[in-house]
Every structure is written in C-alpha cells, then in structure tokens.
Amino acid sequence: MIYFVGAGPGAPDLITVRGQKLLKEADVIIYAGSLVNKELLELAKADCQIHNSASMTLEEVIEVMKEAEKKGHMTVRLHTGDPSIYGAIREQMDLLSEEGISYEVVPGVSSFCGAAAALKAEYTLPDVSQTVIITRMAGRTPVPEKEEISLLASHQATMAVFLSAGLLEPLRERLLIGGYKEETPAAIVYKATWPEEQVFYGTVATLPEIAKEVGITKTALILVGDFLGDAYERSRLYDPAFTHQFREAKE
Ligand code: SAH
C-alpha cells in the first residue's frame with residue numbers, strides 16, 4: 001500500500017494525526033526534499049528506508065514503490081502542505097494504477113492556510129471577498145492562457161500566489177493590469193509555520209521592492225487583496241438580529 005501524505009506547511013506538529021501514524025509505521029518513506037521538514041523523518045522506524053525525491057525522476061520514485069510492494073512493505077510518499085496543490089501526485093497515482101498498486105491520499109494543511117495563520121487573517125470576509133484564488137505565475141510549468149493572472153485579477157478576490165516569489169515584477173504588472181489598485185494590500189509570507197517564518201506587509205505596488213530588500217526569492221507565498229485591509233461587514237452567522245437553523249434572533 002502507498003500513502004500520499006500531506007506533511008503540512010512546515011511545523012512538524014502540523015501534520016495530521018493520521019499522517020503521523022503512517023510515518024511511524026512506514027517501511028519506506030519518499031519525501032519531497034526541499035520543503036518537507038526533516039524533523040518529521042525522526043518519526044520513522046529505525047529500519048525504515050528513506051529517499052529524498054528531489055534527486056529522483058518520476059520513474060525512479062515509482063520503481064522504489066514497486067520494489068516495496070513486492071516485499072509487502074508500506075510506503076509513505078510525503079508531500080509538502082497538501083498533496084493536491086502543486087504536488088504532482090496525479091502522474092504518480094496513474095502509474096500506480098497501471099501497475100495495479102493501491103494507494104490512498106491523506107490530506108495536509110496547505111501552506112496557504114499556514115500563511116493565513118501567520119497573518120492572523122481571514123481570507124473570506126463578508127463584503128470584501130468570498131473567493132480565494134490559488135494560482136501561480138508560469139515558470140518551467142506553463143499556466144493555461146485563460147488563467148493568466150491579469151484575467152484572474154479582474155475579480156479582485158483574495159489571491160494566494162504560489163511558486164512565484166522570484167517573479168514579483170511581472171506578477172505586479174499582471175495584478176495591476178487586471179484591476180487591483182496599486183494600494184491594494186499585499187503580504188509576503190516566508191516559510192509559514194517554520195521557526196524562520198517571516199511576514200512582510202505592503203501593497204501590490206511595493207511587492208517586488210519588499211522581496212528585494214529582504215532577499216526573498218523562494219519558499220514564500222504572496223497574498224493579495226482587501227482581506228488584509230480594515231474594512232469588512234460583520235458575519236450574518238453571529239449577528240444577534242439574524243435567525244438561522246440553530247439560533248433565534250435576539251430582537
Ligand atoms: N503542496 C504545497 C505547495 C507545493 S508548491 C502546499 O499545499 O502548500 C511549493 C510552493 O508552496 C512554494 O514555492 C511556496 O510558494 C509555497 N510554500 C510551501 N510551503 C510554504 C511555507 N511554509 N510558507 C510559505 N510558502 C510555502
């Protein structure tokens with residue numbers, strides 16, 4: 001059996017209880033090198049075989065899984081954050097299906113949730129935005145043209161931009177073309193939930209300068225939108241004047 005496990009955003013105690021249990025039981029662990037906190041590997045059994053996938057191809061990863069299956073071993077494939085976000089798990093799952101090998105996915109806390117915690121922010125504020133757009137700038141992995149950031153920016157919803165900390169000038173340009181204002185609040189969260197976590201506040205206009213000043217080019221999320229501002233409406237759910245299924249209005 002292969003388990004694709006979300007390691008969480010960094011802090012080792014932010015893996016799920018299920019993920020932690022599987023790590024302790026695994027005969028083989030293949031972890032995504034650059035972003036998984038190595039402290040998690042200390043949970044592994046003494047005789048657990050541990051591989052860093054950073055230097056491996058997809059085929060090599062699958063080969064290790066196939067070998068483990070042959071021996072009746074259990075494998076944990078440990079991905080950063082939640083495996084469903086830029087995790088490249090689909091291609092692994094499809095090859096495993098072809099081989100007739102069973103697998104399951106254990107979710108994790110994505111870094112965009114870790115970043116919200118670092119910011120002590122709520123992405124979905126009434127009257128501000130009820131939508132979170134998770135996206136990235138095109139890098140070596142292309143982004144479909146219809147998802148060009150300036151098109152997404154036209155909604156001026158809350159935006160969490162992954163994998164783009166080194167591309168802040170073109171990101172700013174596209175955010176502005178799309179309709180965010182220069183003064184729209186923005187933040188850079190570096191290594192959310194790690195001991196080295198750092199949070200920088202600015203605006204869409206100042207994003208590239210902030211990153212340059214503090215020397216951030218990777219392992220950061222860019223958050224954009226008025227959810228970082230001061231104005232919002234109170235929620236209806238906890239409004240004394242509002243009745244819902246579980247509570248009568250007070251007046
Ligand atoms: N599956 C992961 C994302 C992997 S893509 C998740 O759910 O979070 C890698 C990108 O995620 C990085 O380039 C960075 O933009 C972001 N990232 C991952 N961990 C992060 C962290 N602790 N703090 C800020 N950004 C992080």
Side-chain angles (χ1 to χ4, degrees), residues 3-16 18-19 23 29-41 52-54 56 58 61 76-93 103 105-121 123 132-143 147 149 152 158-172 174-175 186-202 207-208 210-211 214-225 227-228:
Y3 293 93
F4 291 91
V5 174
D13 56 350
L14 283 178
I15 192 171
T16 63
R18 188 184 298 181
L23 271 184
I29 296 172
I30 310 170
Y31 70 100
S34 57
L35 284 173
V36 166
N37 192 331
K38 308 259 185 318
E39 276 182 44
L40 283 170
L41 304 175
N52 177 352
S53 65
M56 297 163 79
L58 169 62
V61 168
V76 165
R77 175 67 168 114
L78 193 59
H79 283 276
T80 172
D82 182 80
S84 71
I85 311 272
Y86 307 114
I89 57 167
R90 173 67 188 268
E91 58 191 25
Q92 298 174 66
M93 295 190 295
Y103 51 84
V105 181
V106 178
V109 177
S110 179
S111 59
F112 82 92
C113 301
L119 293 162
K120 300 191 177 72
Y123 288 142
V132 183
I133 296 176
I134 289 171
T135 189
R136 62 170 296 171
M137 291 285 285
R140 259 172 300 179
T141 305
V143 171
E147 294 176 13
I149 296 227
L152 302 178
T158 297
M159 200 182 272
V161 190
F162 283 70
L163 294 158
S164 304
L167 297 165
L168 293 186
E169 291 204 12
L171 174 65
R172 166 172 65 188
R174 287 175 174 81
L175 292 171
I188 301 175
V189 181
Y190 173 73
K191 294 201 96 172
T193 82
W194 289 74
E196 311 89 287
E197 173 185 287
Q198 280 183 293
V199 174
F200 303 97
Y201 293 93
L207 276 173
I210 296 173
V214 295
I216 286 177
T217 56
K218 57 178 190 172
T219 332
L221 274 172
I222 314 304
L223 295 313
V224 182
F227 76 97
L228 287 164

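Atoms considered below: every heavy atom in the structure, side chains included; atoms not considered: hydrogens, waters and symmetry mates. Order of listing sets the numbers, starting from 1, for every ligand and every atom in it.
- V161 and M137 get closest at one heavy-atom pair: CG1-N, 4.3 Å.
- At least one heavy atom of P9 sits less than 4.0 Å from an atom of ligand 1.
- Classification of the Y103-F4 ring pair by plane angle, with boundaries at 30° and 60°, yields perpendicular.
- Looking at every heavy atom in both residues, T16 comes nearest to P107 through CG2-O, 3.4 Å.
- The protein atom (non-hydrogen) at minimum distance from atom 2 (C) of ligand 1 is T80 O, 3.3 Å.
- With Y190 as reference, I216 is the one residue of V214, I216, V199 to meet the side chain to side chain contact (heavy atoms under 4.5 Å, CB included) rule.
- Contact of the L223 side chain with the T158 side chain is not registered, since no non-hydrogen atoms from C-beta on lie closer than 4.5 Å.
- When the side chain to side chain donor-acceptor pair (under 3.5 Å) test is applied to S53, the partners found at least two apart in sequence or on another chain are R77.
- Near I85, the atoms of ligand 1 lying under 4.0 angstrom from a non-hydrogen atom of the residue are 1 (N), 2 (C), 3 (C), 4 (C), 7 (O).
- Using a 4.0 angstrom heavy-atom cutoff, K191 counts as in contact with ligand 1.
- Close approach of ligand 1 to L163 is summarised as follows: ligand atoms under 4.0 Å from at least one heavy atom of the residue are 5 (S), 9 (C), 10 (C), 13 (O), 15 (O).
- S110 OG, 2.8 Å is the protein heavy atom nearest to atom 7 (O) of ligand 1.
- Among all non-hydrogen protein atoms, the one lying nearest atom 23 (N) of ligand 1 is A192 N, 2.8 Å.
- The ligand atoms of ligand 1 that sit less than 4.0 angstrom from a heavy atom of V189 are 24 (C).
- Numbered from 1 in the order shown, with element, the atoms of ligand 1 that lie under 4.0 Å from a heavy atom of D82 read 1 (N), 6 (C), 7 (O).
- For W194, every heavy-atom contact with ligand 1 shorter than 4.0 Å involves the side chain, none the backbone.
- For the atom pair OG (S111) and CG (L221), the distance works out to 4.0 Å, reported to the nearest 0.5 Å.
- Here the shortest heavy-atom pairing between M159 and L175 reads SD-CD2, 3.8 Å.
- For the pair G10 and ligand 1, the shortest N or O to N or O distance does not fall below 3.5 Å.
- The atoms of ligand 1 that sit less than 4.0 Å from any heavy atom of S111 are 6 (C), 7 (O), 8 (O), 11 (O), 16 (C), 17 (N), 18 (C), 19 (N), 20 (C), 21 (C), 26 (C).
- Residue L35 places a heavy atom under 4.0 Å from ligand 1.
- Taking 4.0 Å as the cut-off, A220 counts as a neighbour of ligand 1 on heavy-atom distance.
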